[in-house]
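Right, one structure below, let's go through it.
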Amino acid sequence: MANEEDDPVVQEIKPKQQKVELEMAIDTLNPNYCRSKGEQIALNVDGACADESSTYSSKLMDKQTFCSSQSTSNTARYAAALYRQGELHLTPLHGILQLRPSFSYLDKADAKHREREAANEAGDSSQDEAEEDVKQITVRFSRPESEQARQRRVQSYEFLQKKHAEEPWVHLHYYGLRDSRSEHERQYLLCQGSSGVENTELVKSPSEYLMMLMPPSPEEEKDKPVAPSNVLSMAQLRTLPLADQIKILMKNVKVMPFANLMSLLGPSIDSVAVLRGIQKVAMLVQGNWVVKSDILYPKDSSSPHSGVPAEVLCRGRDFVMWKFTQSRWVVRKEVAAVTKLCTEDVKDFLEHMAVVRINKGWEFILPYDGEFIKKHPDVVQRQHMLWTGIQAKLEKVYNLVKESLPKKPDGQSGPAALLSGDQRVQVAKSKAQQNHALLERELQRRKEQMRASSVLPGVRIKEEPMSEEGEEEEDGDAEGDEEPMDTSLGGSLHNRLANGLPSGRATGGDSFNGHPPPGCGSTPVARELRAFVEATFQRQFVLTLSELKRLFNLHLASLPPGHTLFSGISDRMLQDTVLAAGCKQILVPFPPQTAASPDEQKVFALWESGDMSDQHRQVLLEIFSKNYRVRRNMIQSRLTQECGEDLSKQEVDKVLKDCCVSYGGMWYLKGTVQS
């Protein structure tokens, strides 16, 4: 304090904006006003003795104070708009204040409460003391205040708060919206130049004019992300250039068929431009596009598991991609032995593009896209040349035995050679003639079967399970629940899926609309249907026939016009394909009074998926083949009995989540609960 006069003022900080307080009366006669609460608040703030200096002189909380706060730091981007007679009038704003309720009266109530407590404590202590002790006090005289000290005191927060509290209130009068004075003030929002001579013609485009009117804030441009990282917003994604859209999609999805990429980008995007862009960020593997390694592991980055630099990671991941161009299966230990990378890094590579199969290895995550291979032979040939170069580098780095790249995984034909238009027409004609002869023979056979069934109308053929697993699943007491197949013409016509066809076409002609039966798995229809069924049951392990038909119709809606599946699929063909795909029909004993339709009572489940939960799921399905609904403790005990005591709660929760739903404290197979 001795050197206080010599202490200079380094910086003066002035408030950017003065606060504004608005005091408004509260309608205490309103039925929504709680009078007892208002009296209690006034008592807590002012105490029992109320005078003119009290906050609530009427002993009732009859007013509320609103305090302003700064809503935005940059008001130059905002304007008040008024639209009148086809004209838009804009008035710039120089300040925006937001009024919020002020609860300063609660601070007064707390201060009153502390004063009363201090008084009570002082009273108690004075009763205990017979006589107060005499204390010595020291008197000090303050010296004159210097100019610098006075300036600091005036600029202090305590002084400003005191000055703000002493500021007198200014009484305001409110004018309604329809009042003449309000209308007079509103006229200031209109441009006063009525003649059109003063208006200059807008020579800029609308987007440029809006950019001038509302320039982007530097802070917002700096904080704005370049592109979505974890969660993609399709609306924001489509505002980016096409190359950035493709890069972001591939970086997030990792593996994608070209048809799916086109559907995400939108129908207005040119496929040639997409093909040009996808080859910059992805490589062709089994007809599908896999994102390049340097996109996922950019330069100067490293492995989060082992700290290996990005160059080594890219080389190891390229080796995994190259292995999948040779076969659909890859063994993790083989990859780790060649690349000399840690298990976590190799597992990350494989999880990007494959799924693990028990006792088999890692299988490529998507089926072979032969349609893209046939449609774009030039792209395939270019990618084949790139893979040949990558193979040479990998052989040099990893000292591999030189081997030629197979033309197509699993023995399929490799990249198609360049064909002329006439050659393609000749190949298409020969294939059409072969398919026509096959369909004619199959149609004749189906008609002979129908004629035989019409001669013996009373004969009904009972269908046996299509696999040995189906024979092991059901016992003798379920034989009465199996549905016989009606071979008459009428039953075949009505038991089909319309699949978007007109009713006349969907119910006319032969039962398979010219396609061979599902037993002939070599037809394009059978292969497409089998692929849909397998993919669907890999996602949802239990489905009723009704739900499966609904998902199939949604799948058809996503296919391009002219697809082979639009020719019509019967219910029988769909069910046979499900059973042939490794699924089983679970004969759930529905109650006699059930409202479920016949299609809802046909329940199919994936019996083996290749994961560790197969045994748990099979035990659960056997339980529901004898019970319509089951309690959790029964499922828990049965799983423990069949699978061992070390079964964890997480494993039980997983199998229940995959196959069942809970309703009313009981567990049902998915699709079978009737609310």
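All residue numbers refer to positions in the sequence shown, counting from 1.
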- Task: Walk me through it: do Glu395 and Gln391 pass the test side-chain hydrogen bond (donor to acceptor under 3.5 Å, both in side chains)?
- Result: CA-CA 6 Å; Glu395 289 173 352; Gln391 179 189 5; 3.1 Å; yes
- Message: Is there a salt bridge (charged side-chain N to carboxylate O under 4.0 Å, His left out) between Arg632 and Asp653? Walk through the geometry before answering.
- Response: CA-CA 10 Å; Arg632 181 189 172 94; Asp653 293 340; 2.8 Å; yes
- Message: Before you tell me yes or no, could you show the steps for Arg617 and Asp614 under salt bridge (charged side-chain N to carboxylate O under 4.0 Å, His left out), namely the whole-Å CA-CA distance, both residues' side-chain angles and the distance that decides it to 0.1 Å?
- Response: CA-CA 5 Å; Arg617 187 166 54 254; Asp614 282 349; 2.4 Å; yes
- Take Trp289 and Leu261 through the side-chain contact (heavy atoms from CB on, under 4.5 Å) test and state the conclusion after the steps. CA-CA 9 Å; Trp289 291 97; Leu261 179 62; 5.8 Å; no
- Message: Using the rule given for side-chain contact (heavy atoms from CB on, under 4.5 Å), can you reason through Gln286 versus Arg328, listing the C-alpha separation, both sets of side-chain angles and the distance that settles it, and then say yes or no?
- Response: CA-CA 8 Å; Gln286 300 188 20; Arg328 286 197 60 82; 2.7 Å; yes
- For the pair Lys393 and Asp318, evaluate salt bridge (charged side-chain N to carboxylate O under 4.0 Å, His left out) and give the outcome as yes or no after the intermediate values. CA-CA 10 Å; Lys393 293 181 180 179; Asp318 288 344; over 6 Å; no
- Message: Assess the residue pair Lys333 and Val346 against the criterion (side-chain contact (heavy atoms from CB on, under 4.5 Å)); give the C-alpha distance rounded to whole Å, side-chain angles, the decisive distance to 0.1 Å, and a yes or no.
- Response: CA-CA 9 Å; Lys333 292 183 178 179; Val346 176; over 6 Å; no
- Task: Begin with the C-alpha distance, continue with both residues' side-chain angles, and end with the deciding distance and a verdict on side-chain contact (heavy atoms from CB on, under 4.5 Å) for Phe349 and Thr339.
- Result: CA-CA 12 Å; Phe349 299 158; Thr339 61; 5.8 Å; no
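Between Leu620 and Cys659 the shortest heavy-atom distance is CD2-CB, 3.8 Å. Summarising the geometry of Tyr668 relative to Tyr663, their closest heavy-atom pair is CE1-O, 3.6 Å, with the distance given to 0.1 Å. Closest of all the heavy-atom pairs between Ala605 and Ile586 is CB-CG1, 4.0 Å. Smallest separation of non-hydrogen atoms from Pro257 and Leu366: CD-CD1, 3.5 Å. Of all heavy-atom pairs spanning Trp607 and Gln618, the tightest one is O-NE2, 3.1 Å. For the pair Trp362 and Phe324, the tightest heavy-atom approach, listed with the atom from each and the gap, is O-CE2, 3.8 Å.
In this structure, the side chain of Ser306 does not engage the main chain of Ser303 through any donor-acceptor pair within 3.5 Å. In terms of modelled atom types and a separation under 3.5 Å, the side chain of Asn288 and the main chain of Pro367 share a donor-acceptor contact. Of the possible donor and acceptor atoms, one in the side chain of Asn252 sits under 3.5 Å from a partner among the backbone N and O of Ile248. Looking at Gln245, its side chain does come within 3.5 Å of a backbone N or O of Leu240 through a donor-acceptor pair.
Within a 6.0 Å radius of NZ in Lys347, other residues, nucleotides and ligands contribute 12 heavy atoms or fewer. Surrounding NZ of Lys251 are at most 12 heavy atoms belonging to other residues, nucleotides or ligands under 6.0 Å away. More than 12 heavy atoms of other residues, nucleotides or ligands shown are found within 6.0 angstrom of CD on Glu344. Around the NZ atom of Lys292, the shell of radius 6.0 Å holds more than 12 heavy atoms that belong to other residues, nucleotides or ligands.
Looking only at side-chain heavy atoms (C-beta outward), Lys340 and Val312 stay at 4.5 Å or farther from each other. Taking the side chain as every heavy atom from C-beta outward, Val291 and Arg317 approach each other to under 4.5 Å. Proximity of Val533 to Phe552: side-chain heavy atoms (C-beta onward) are nowhere separated by under 4.5 Å. The shortest side-chain heavy-atom distance between Gln585 and Val603 does not fall under the 4.5 Å cut-off. Residues Val619 and Arg638 have side chains in contact (heavy-atom distance under 4.5 Å, counting atoms from C-beta outward). Residues Phe604 and Leu543 fail the side-chain proximity criterion, which asks for heavy atoms closer than 4.5 Å. Looking only at side-chain heavy atoms (C-beta outward), Glu651 and Leu639 stay at 4.5 Å or farther from each other. Leu249 has its side chain within reach of Leu237: a pair of non-hydrogen atoms, C-beta onward, lies under 4.5 Å apart.
Taken to the nearest 0.5 Å, the CD atom of Gln383 stands 9.5 Å off from the CD1 atom of Ile373. Between the CG atom in Leu656 and the CD atom in Gln636 there is a gap of 8.5 Å [rounded to 0.5 Å]. Here the straight-line distance linking atom CE of Met321 with atom CE of Met353 works out to 5.5 Å at 0.5 Å rounding. To the nearest 0.5 angstrom, Leu350 atom CG is 11.5 Å from Ile365 atom CD1. Between the CZ atom in Phe541 and the SG atom in Cys583 there is a gap of 10.5 Å [rounded to 0.5 Å]. Interatomic distance, OG of Ser546 versus CG of Leu551, reported as 9.5 Å (0.5 Å rounding).
Exactly one of Asp369, Val290, Val380 qualifies for a side chain to side chain contact (heavy atoms under 4.5 Å, CB included) with Leu284. That residue is Val380.
For the pair Glu547 and Arg550, the salt-bridge criterion is met [side-chain N within less than 4.0 Å of a carboxylate O]. A salt bridge is defined here as a Lys NZ or Arg NE, NH1 or NH2 lying under 4.0 Å from an Asp or Glu carboxylate O, and Lys323 with Glu334 meets this definition. At a threshold of 4.0 Å, the pair Lys670-Asp658 does not count as salt-bridged, since none of the basic side-chain nitrogens sits closer than that to a carboxylate oxygen.
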Just distance, no hydrogens or angles: give the donor-acceptor pairs under 3.5 Å from side chains in residues 271-281, sequence neighbours left out.
{"residue": "Gln279", "atom": "OE1", "partner": "Arg382", "partner atom": "NH1", "Å": "3.1"}
{"residue": "Gln279", "atom": "NE2", "partner": "Leu275", "partner atom": "O", "Å": "3.1"}

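Counting only N and O atoms by type, the side chains of Gln538 and Glu534 include no donor and acceptor under 3.5 Å apart. Checking Asp599 against Thr544 by side-chain atom types alone, no donor-acceptor pair falls below 3.5 Å.
Ring pair His555/Phe532 is parallel by interplanar angle, where below 30° counts as parallel and above 60° as perpendicular.
Partners of Asp244 under the side-chain hydrogen bond (donor to acceptor under 3.5 Å, both in side chains) rule, at least two apart in sequence or in another chain, do not exist in this structure.
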